[in-house]
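Reading through the structure tokens given below for one structure.
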Amino acid sequence: MFFMFSLIPVLSVGLCGTKLGCGEGGCGACTVMISKYDPFQKKILHHTANACLFPICALHHVAVTTVEGIGNTKSRLHPAQERIAKSHGSQCGFCTPGIVMSMYTLLRNKPKPKMEDIEDAFQGNLCRCTGYRPILEGYRTFAVNGGCCGGKANGPGCCMNEKENVTMMSSSLFDSSEFQPLDPTQEPIFPPELMRNKEQKQVCFKGERVMWIQPATLQELVALKSQYPNAKLVVGNTEVGIEMRLKNMLYPVILAPAWIPEMNTVQRTETGITFGAACTLSSVEEVLRKAVAELPSYKTEIFQAALEQLRWFAGPQIRNVAALGGNIMTASPISDLNPVLMASGSKLTLISGKRTVTMDEKFFTGYRKTIVKPEEVLLSVEIPYSKEGEYFSAFKQAYRREDDIAIVTCGMRVLFQHGTSRVQEVKLSYGGMAPTTILALKTCQELTDWNEKLLQDACRLLAGEMDLSPSAPGGMVEFRRTLTLSFFFKFYLTVLQKLSKQQNGPNNVCEPIPPNYISATELFHKDPIASTQLFQEVPRGQLVEDTVGRPLVHVSAAKQACGEAVYCDDIPHYENELYLTLVTSTKAHAKILSVDASEAQSVPGFVCFVSAKDVPGSNITGIANDETVFAEDVVTCVGHIIGAVIADTQEHSRRAAKAVKIKYEELKPIVTIQEAIEKQSFIKPIKRIKKGDVKKGFEESDHILEGEMYLGGQEHFYLETHCTLAVPKGEDGEMELFVSTQNLTKTQEFTATALGVPSNRIVVRVKRMGGGFGGKETRNTILTTVVAVAAFKTGRPVRCMLDRDEDMLISGGRHPFLGRYKVGFMKNGKVKSLEVSYYCNGGNSTDLSHGVMDRALLHLDNSYNIPNVSSVGFICKTNLSSNTAFRGFGGPQGMMIAECWMSDLARKCGLPPEEVRKINLYHEGDLTHFNQKLEGFTLRRCWDECLSSSNYHARKKLIEEFNKQNRWKKRGMCIIPTKFGISFTVPFLNQAGALVHVYTDGSVLLTHGGTEMGQGLHTKMIQVASRSLGIPTSKIYISETSTNTVPNTSPTAASVSADINGMAVHNACQTILKRLEPIKQSNPKGSWEDWVSCLYLIPDVGYNFETNKGKPFHYFSYGVACSEVEIDCLTGDHKNIRTDIVMDVGTSLNPAIDIGQIEGAFVQGIGLFTMEELRYSPEGNLYTRGPGMYKIPAFGDIPTEFYVSLLRDCPNSKAIYSSKAVGEPPLFLSASVFYAIKDAIYSAREDSGVTEPFRLDSPATPERIRNACVDTFTKMCPSAEPGTFKPWSVRV
């Protein structure tokens, strides 16, 4: 039913630019521009909206512009498309059309925007690849205050100065002078027929199960609500759409009041501003902002607080369509606005009979319930003016500042008796502390004089009144309770500050707040991004046609920016195609008693149900043959695939899948690492690495430190979910598979096994992926095999693209890790001995967990020389979806635990962390703990360069000064190195193939074994072939990757794809040139050979854990990052102030792509270490199944100052054209942000008189940061004793 109302399926018919990324308005991939003539304002309005939620029925009198409508590669690109493409702001490209449309809509409304406008426009857009910086840099060229280098023209940090300072170094990744200018007069006109003042008439649309009625008058609406009292009123569909899609709700009658005049009016009255209930949040924001500018400040206290909440309310795409009345009537307990409306005593006008009610403690009667009667309609909302002597604040804390739901939110109002600090009335309203928005009534009654005693009384009373059960839904109980006190403290200080300013005379009744407390009252502010990217220019004399080493634009960037790039689900539908929806387990561990699909058969369009009995070959699958295509007798995780429904449409298959009934006999699940340890549930073998004499090392040490650290998992959140289209060919079991996969070989092999045919009957084709990050290396096969079985059974093409919640549930992610360590060291910080145990949560099957643990053990040293090591790695078998490959593949987890003990021992020694880290760094020629000699060791160069370029020591003094002057805001800084081994740890995977067709017209068709997922691999391969053949890149084309052109390919993973495929391409080109030579000599005009195939294998790679001998890595990539952060000690919020990265990528094949990979990996790592948290119930049920609850970094989360420099003069003799791998190594550098946060927390704890070491697990979420900043408020909200209650969520 959801898709009956959504604009997405309509656009997908011939227009595939608008992408479906999440289906809940949380990623912005489906952003379109909605244009309409507003008869109330008498002007044309343009705004962004999410096509996945925007109801198709609401398009009456509305124009929709998609990315295809503004420009294309055949005629001309629109400047918004051209600039994101040429500034390297498009990698996988799946999010690009949505970002383009957000920028385009802004330009239609503001042809000359400020940089702040541009950043605000992207609050509702996510990108998982780029790290956002190149997008902002490209679009900065539209800004009136953009300028060179973020407004630093000709100043320090300006790119124009860099070239003079550093020989042969450049920071120019694109030339903005080449961009076509924006000409607002050339935009498409609004359709004139939609401007005619026709009299509005009631409109009705009827679907299979839902009727949509759009009344034209208030009288019609009242009559309809009386006729259908349970009908839902929908304006933006931002809540109902999600309920129908994710919560299986069905509303047979929908009433749409968006065009009713009385529900859209705005009126200033004597007591406040009245908004029609259908006014969008964006229009409310605009009206309030105008009022704040025009009215005396004492009258706009409530308006200013509402604006602060609206500033962070969802993204523009939601605010543009969501109605004020809808926000109230949804009655969400974590609403951002309802606490403001309740604390201000806003008045609501209801009609049926007409009555006015005050939004007070009686308005919400229960979870998602209000006093409004079923037949009543909310007509308008009056937000009152504030009075003289009245003060108002609103606060919100979330996982992420931009576009995130609140953890706790509040509105706070106090009215003083005239000229005094005596409280006449106070209202404290909270969201996130009960099933409804509530008032702290008891606390409010006790507060009298605005002084220190009132503060203490209020906190004591709030701690009692705002209590939560330790098992409360949402968890984070101590954090939420502490926030209620922290918010009041901020309010208390803010009011005190305003009182002292207004009463600055001889009769001052208030003490001014201490200077070091002032920053606690400041609202969040972030400066526009400033950045520089430095790279070595190509040698003088290099031919212009030779693009190796130049910042060549991604070959698909323009197509991606125009929505022309074809992804798996964009392939046109076959005439007789069917759609598949999975039926998965709702239990983590259970016997299957029965599966009943009889009810599903009554759904229109139902074709069949497939399960284990329909598998023609083997039902056994998986890397270790320990998985099944379909579960048979037992399910071992929530999301385990039991069967699938095939129907004529996606909507019908979804409905039918929900109708399948399964009965279980539940078994006890193992969910957490701790439970697996207790039950000894491990996947064998258990790997160990030992070197030296650990016992002797401890005996010789001055100090011994023991501890442990937990690292949470991470969801890949590629913007394009898993997708497969299977097309049976009808002869000899042949089948063609179009798949979004990094691993064509395993996809081919597993499908052939399931179908009982040889691999030569299966062709797998990949054009491009909308992101992968390891998540499509093996886990795509769990979907592909099911779709192939369905296609085999029906004999018809079958398609399935997973919904975001399905994808997150079944496909696994990064392995959670627990590290336990014991480290011996000297007084100067030099490490002597290390004993470490790693435990990872592998999930319900082996998959790639052995490789992940191997790499973790091989990276337990990070970059430090440890003479004596004893290590062991346990893979825990649990009842969660199998965890899998993810960028870094165990390396970041291994290194993170190393940095944990390194930072602790530095503090134990009382020495600066950067000195202790440097004293332990490897030197050239040292042996690692796995006995590999380090050659070409550039890490110390990276370290020194990063210290210098970041101005580390001078800034460290400034941070110390800042921390002395600020009690409730603290800054921290940390510099972190990384050493990342390059190669697959399974030796035979370190190979690649390439196929080169040379045609008589001189054009070249290139195919290789790697897949394109945004990392620019195809672009680099074209550059390699261009240099090898000595021809321009314009003559070379890559169409796709497929098993019938290059067989037996290695997965595109482990960062080695450019190395191995690049060498294969080079070898293939050399073979062509050799074959061509005699022909050229005898007949210079002769034709070329048709094709050549060649194989490349990385030599001498292999390692034995038993003997600790061999060479697991071909070479190492090195890098260093220095990051500075600022934390809010009262809320746990943090902002990334500055990051400097120096990275050794050898001689870069393409600096733009390499820098893009560094920035993208770093920002993905910021998510891993500070933000992204997968939350599970004690029974193993995943709560975080979409962008609503799972937060990846957004535009506003990247460092305000972001500087990346590629180390110069460091050619790598072991890879193609002296380059180095770059995909995974930079990710761990974002640990510098985590340890900078920890550094800042130490400063906060010292101010509270707490100096002992503390444990900070990853990610460093606001909850963990706030709870670690112990103070009076945290002590008033103690934790419940573990074991005395059942937690809402567990750490897996």
Side-chain angles (χ1 to χ4, degrees), residues 677 686-711 817-839 853 856-874 891-923 925-934 937 939-940 943 974-979 1105 1108 1228 1231 1234-1235 1238-1239 1242 1251-1258:
I677 294 170
I686 292 162
K687 300 282 183 68
R688 289 176 166 81
I689 299 179
K690 291 187 177 181
K691 180 187 177 185
D693 188 335
V694 171
K695 186 181 177 190
K696 187 180 177 187
F698 284 131
E699 289 168 357
E700 293 174 353
S701 299
D702 294 331
H703 302 290
I704 293 176
L705 196 70
E706 294 188 63
E708 66 177 47
M709 182 185 192
Y710 173 82
L711 290 87
F817 260 67
L818 175 67
R820 291 174 174 166
Y821 57 82
K822 178 181 176 184
V823 59
F825 52 98
M826 309 306 290
K827 290 175 184 173
N828 67 350
K830 186 74 175 163
V831 177
K832 293 287 287 182
S833 200
L834 174 68
E835 200 173 80
V836 65
S837 302
Y838 288 157
Y839 300 86
M853 183 55 79
L857 291 170
L858 293 167
H859 285 78
L860 63 83
D861 57 339
N862 186 10
S863 308
Y864 307 117
N865 193 343
I866 311 164
N868 305 292
V869 173
S870 174
S871 64
V872 60
F874 298 90
Q893 293 98 314
M895 293 186 280
M896 189 68 170
I897 289 157
E899 289 302 338
C900 178
W901 53 253
M902 182 59 74
S903 63
D904 285 353
L905 75 84
R907 206 156 268 278
K908 176 77 174 173
C909 294
L911 296 169
E914 69 277 8
E915 289 182 16
V916 175
R917 285 187 166 92
K918 186 169 184 179
I919 201 175
N920 283 291
L921 288 178
Y922 283 113
H923 288 82
D926 282 349
L927 289 180
T928 64
H929 65 289
F930 47 89
N931 290 317
Q932 181 165 344
K933 187 178 180 182
L934 295 174
F937 186 74
L939 185 61
R940 286 179 171 267
W943 180 272
C974 186
I975 183 166
I976 292 279
T978 190
K979 168 184 67 69
F1105 274 88
N1108 196 14
F1228 179 68
F1234 179 93
Y1235 288 103
K1238 194 168 184 180
D1239 183 44
Y1242 266 114
T1251 54
E1252 68 264 16
F1254 70 99
R1255 174 174 169 175
L1256 183 66
D1257 288 332
S1258 173

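None of these values were measured; they are calculated from a predicted model.
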Neighbour count >12 (heavy atoms, 6.0 Å) for atom NZ, Lys822 =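 Correct, the count exceeds 12.
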Which atoms form the tightest heavy-atom contact between Tyr1242 and Glu1252, and what is the distance?
->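 Nearest heavy atoms, Tyr1242 then Glu1252: CE2-O, 4.2 Å.
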Give a yes or no on whether the backbone of Pro977 and the side-chain of Arg917 come within a donor-acceptor separation of less than 3.5 Å.
->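 The answer is no, because no donor-acceptor pair under 3.5 Å joins these two groups.
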Heavy-atom side-chain proximity of Asp904 to Lys1238 below 4.5 angstrom |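 When only atoms from C-beta onward are counted, Lys1238 and Asp904 do touch, with a gap below 4.5 Å.
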Side-chain contact test, heavy atoms from C-beta onward, threshold under 4.5 Å: evaluate it for Asn868 versus Lys696 and give yes or no.
->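 When only atoms from C-beta onward are counted, Lys696 and Asn868 do not touch, as no gap falls below 4.5 Å.
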Say you draw a straight line from [atom1] of [X] to [atom2] of [Y]; how long is it, rounded to the nearest 0.5 Å?
X       : Y       : atom1 : atom2 : answer
Lys979  : Phe1228 : NZ    : CZ    : 11.5 Å
Asn1108 : His929  : CG    : NE2   : 7.5 Å
Met826  : Lys832  : CE    : NZ    : 6.0 Å
Ile677  : Leu818  : CD1   : CG    : 5.5 Å
Leu834  : Ser871  : CG    : OG    : 8.0 Å
Leu711  : Ile897  : CG    : CD1   : 5.5 Å

List in chain and number order the residues that pass side chain to side chain donor-acceptor pair (under 3.5 Å) with [X], two or more places apart in sequence or in another chain; answer none if no residue qualifies.
X      : result
Lys691 : none
Glu914 : Tyr952, Lys956
Tyr922 : Asp861
Asp702 : none

Test ring pair (Phe, Tyr, Trp, His ring centres under 6.0 Å) applied to Phe825 - qualifying residues, sequence neighbours left out =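 Phe825 satisfies ring pair (Phe, Tyr, Trp, His ring centres under 6.0 Å) with His703 once adjacent residues are dropped.
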For Lys687, which residues count as a side-chain contact (heavy atoms from CB on, under 4.5 Å) partner, sequence neighbours excluded?
->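 Pro685, Asp854, Leu857, Phe1105.
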Salt-bridge criterion met for Arg1255 and Asp1257 (N-O under 4.0 Å) |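 Looking at Arg1255 and Asp1257, the cut-off is met.
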